[in-house]
2 protein chains.
Amino acid sequence: MNVLIVEDDALHRTFLAEAVRAALPECGQVIEAENGLKGEVQARTARVEHVVMDLQMSERNGIEAARTIWRERPDTKILFWSNYSDEAYVRGVARIVPEGATYGYVLKSASEERLKLALRSVFVESQCVIDREVRGIQQKSFGNSPGLTDAEYEILVDVALGLTDKAIAKRKHLSLRSVQNRLQQLYEKLDVYETPGQGNEGLFNLRTRAVAVALSRKVLNASAIERAERDLRQSAGI
Amino acid sequence: MNVLIVEDDALHRTFLAEAVRAALPECGQVIEAENGLKGEVQARTARVEHVVMDLQMSERNGIEAARTIWRERPDTKILFWSNYSDEAYVRGVARIVPEGATYGYVLKSASEERLKLALRSVFVESQCVIDREVRGIQQKSFGNSPGLTDAEYEILVDVALGLTDKAIAKRKHLSLRSVQNRLQQLYEKLDVYETPGQGNEGLFNLRTRAVAVALSRKVLNASAIERAERDLRQSAGI
DNA sequence: GCTTGTCATGCGGGGACCCGCAGATTTTGC
DNA sequence: GCAAAATCTGCGGGTCCCCGCATGACAAGC
């Protein structure tokens with residue numbers, strides 16, 4: 001059993017390597033890659049089935065790397081190990097995990113014990129392990145509390161990209177008016193209408209304000225926008 | 001000579017503590033804080049004059065913490081130690097360093113040697129040390145290449161907050177038309193007008209598009225927006 | 001069956017935004 | 001000190017966005 005570690009921080013990388021060797025004494029080689037691109041190559045050439053993956057790397061982030069790895073071998077077991085539990089990351093991961101694949105999501109702030117346990121659970125027992133805190137985000141995200149619908153989320157991403165209502169309508173095969181309706185739902189859920197009172201009526205441009213609020217609530221983050229941007233170029237530019 | 005380390009990642013914290021002790025054998029206590037807020041308190045109570053500060057922390061980020069520390073003791077020497085050299089961070093630091101204060105900016109990807117050297121230079125020799133890569137950003141930022149003027153940058157921030165043209169005009173004591181002029185300069189510098197050709201005319205909403213481009217070019221980042229948001233609330237809400 | 005709820009769509013108006021033109025004011029360079 | 005360049009400001013029009021009102025389709029529940 002070989003394990004691939006994809007992580008751009010040198011300190012974290014060696015820490016992970018030690019943790020892997022300690023938690024899985026029966027494992028063979030421990031391979032390291034320092035960014036998503038190299039990680040993809042290593043996974044392909046070394047035919048690895050077990051990956052520990054950081055999100056948030058330059059060159060190619062963890063979500064994109066995981067997507068291509070899973071596309072080539074959907075039975076690969078991936079343990080995501082991230083600094084943050086941003087809704088954008090959680091959503092991004094959930095969006096790419098293939099049917100029936102086993103994966104895990106552990107925060108870097110978790111104890112070493114929890115990390116080792118997750119390593120064994122995911123890689124040996126083929127069990128999905130989601131950190132408690134991430135779990136909370138996930139439920140909020142897919143449940144009905146102040147989280148967004150998938151439809152609303154997609155509109156939000158398109159707006160954040162800077163697309164026009166009309167352009168979104170074309171992309172999503174909707175009428176102009178439907179797009180605007182979804183936008184209004186979005187505005188309400190994001191509390192864009194807050195007016196501290198004294199005549200601050202025309203204070204906000206709702207459209208850009210929505211993006212700002214989404215960013216500071218971590219519903220969106222820069223890497224999610226970059227991913228969407230690439231998708232856009234690909235589908236539009238061909 | 002006591003040294004305060006403000007850093008939220010446990011691994012990096014212990015690594016830093018060791019590096020400090022190795023580079024400055026003559027130093028006294030090495031105090032650690034795990035976020036910006038605790039860092040401020042420690043700096044105040046322990047009367048520290050030498051700080052190693054991470055940017056990008058939850059609770060209160062490094063720039064805000066540094067600002068309050070410097071406000072209380074402008075002669076504090078601060079070495080910033082960050083993962084990224086985003087233009088937004090560089091600008092944020094440059095914006096708060098007091099007249100004549102000594103500070104440094106080293107990337108986490110730098111070698112241990114470089115870190116130790118910077119520690120001695122800043123804390124003992126009172127010399128400013130800016131990482132080569134960061135230096136590049138700084139020049140681009142203040143020079144005249146595709147970097148933004150301060151005026152343009154401020155407009156950009158206000159737009160990213162979701163403010164109306166009118167609201168920005170009031171805040172900045174300008175006429176509506178001047179704000180729109182600056183916006184146009186901004187649009188040109190950010191290459192918002194790119195149209196791949198085939199009839200993509202009304203594709204982008206320039207205003208939100210500008211924010212998207214600025215984010216993916218790292219001219220802006222989420223924490224800069226959050227800071228601006230707090231400033232806004234403070235100046236408007238009173 | 002009828003009601004109720006959710007969603008997509010159309011219409012129309014008021015307002016915000018983008019931008020060319022042109023004059024006034026300030027800054028810069030020599 | 002003067003000319004050139006940059007910046008601020010007003011006007012006007014074309015476009016896009018926000019949103020209330022109204023219609024029809026489809027599903028769930030009494």
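Within every chain, numbering begins at 1; the chains are lettered A, B, ... in the order of the sequence lines, protein sequences first and strands thereafter.
Listed nucleotides: D/dC16, D/dC18, D/dT9. Nearest to the side chain of A/Gln180: D/dC18. Closest to the side chain of A/Ser178, out of C/dT9, D/dC18, C/dC18, is C/dT9. Relative to the side chain of B/Arg177, the nucleotides C/dT9, D/dT9, D/dC18 differ in distance, and D/dT9 lies closest. Between D/dC8, D/dC18, C/dC17, one nucleotide has an atom nearer to the side chain of A/Asp165 than all others, and that is D/dC18.
Checking A/Ser126 against A/Lys77 by side-chain atom types alone, a donor-acceptor pair falls below 3.5 Å.
Taking 4.0 angstrom as the limit, B/Tyr187 places none of its side-chain polar atoms (N or O) nearer than this to OP1 or OP2 of C/dC17.
Looking at heavy-atom distances under 4.0 Å, A/Leu176 makes no contact with the nucleic acid at all.
Straight-line distance from the CG atom of A/Leu186 to the C1' atom of D/dC18: 14 Å, rounded to whole Å. One interatomic measurement links the two molecules: CG of A/Asn205 to C1' of C/dC18, which rounds to 13 Å at whole-angstrom precision. Summarising the geometry, the separation between NZ on B/Lys166 and C1' on D/dC18 is reported as 14 Å, rounded to the nearest angstrom. If you measure from atom CD of B/Gln184 to atom P of D/dT7, you get 13 Å, rounded to the nearest angstrom. For A/Arg209 and D/dC18, the CZ to P distance is 15 Å, given to the nearest whole Å. Here the P atom of nucleotide D/dC8 and the CZ atom of B/Arg182 are 5 Å apart, to the nearest Å. Rounded to a whole Å, the CG atom of A/Leu174 is 14 Å from the C1' atom of C/dG10. Remark: P of D/dC17 and CG of B/Leu203 are 11 Å apart, rounded to the nearest angstrom.
In this pair, A/Tyr105 and A/Phe80 present their aromatic rings tilted. The plane angle is within the 30 to 60° band.
Remark: of the listed residues B/Leu183, B/Leu220, B/Leu161, B/Leu220 is the sole one forming a side chain to side chain contact (heavy atoms under 4.5 Å, CB included) with B/Leu156.
Remark: B/Glu7 CD to B/Ser82 OG distance equals 9.5 Å, nearest 0.5 Å.
With the nearest nucleotide of DNA chain D identified for both B/Gln185 and A/Leu183, B/Gln185 has the one nearer the 5' end.
Surrounding NZ of A/Lys172 are more than 12 heavy atoms belonging to other residues, nucleotides or ligands, all under 6.0 Å away.
In this model, a side-chain donor or acceptor of A/Asn181 finds a partner on the base of C/dT9 within 3.5 Å.
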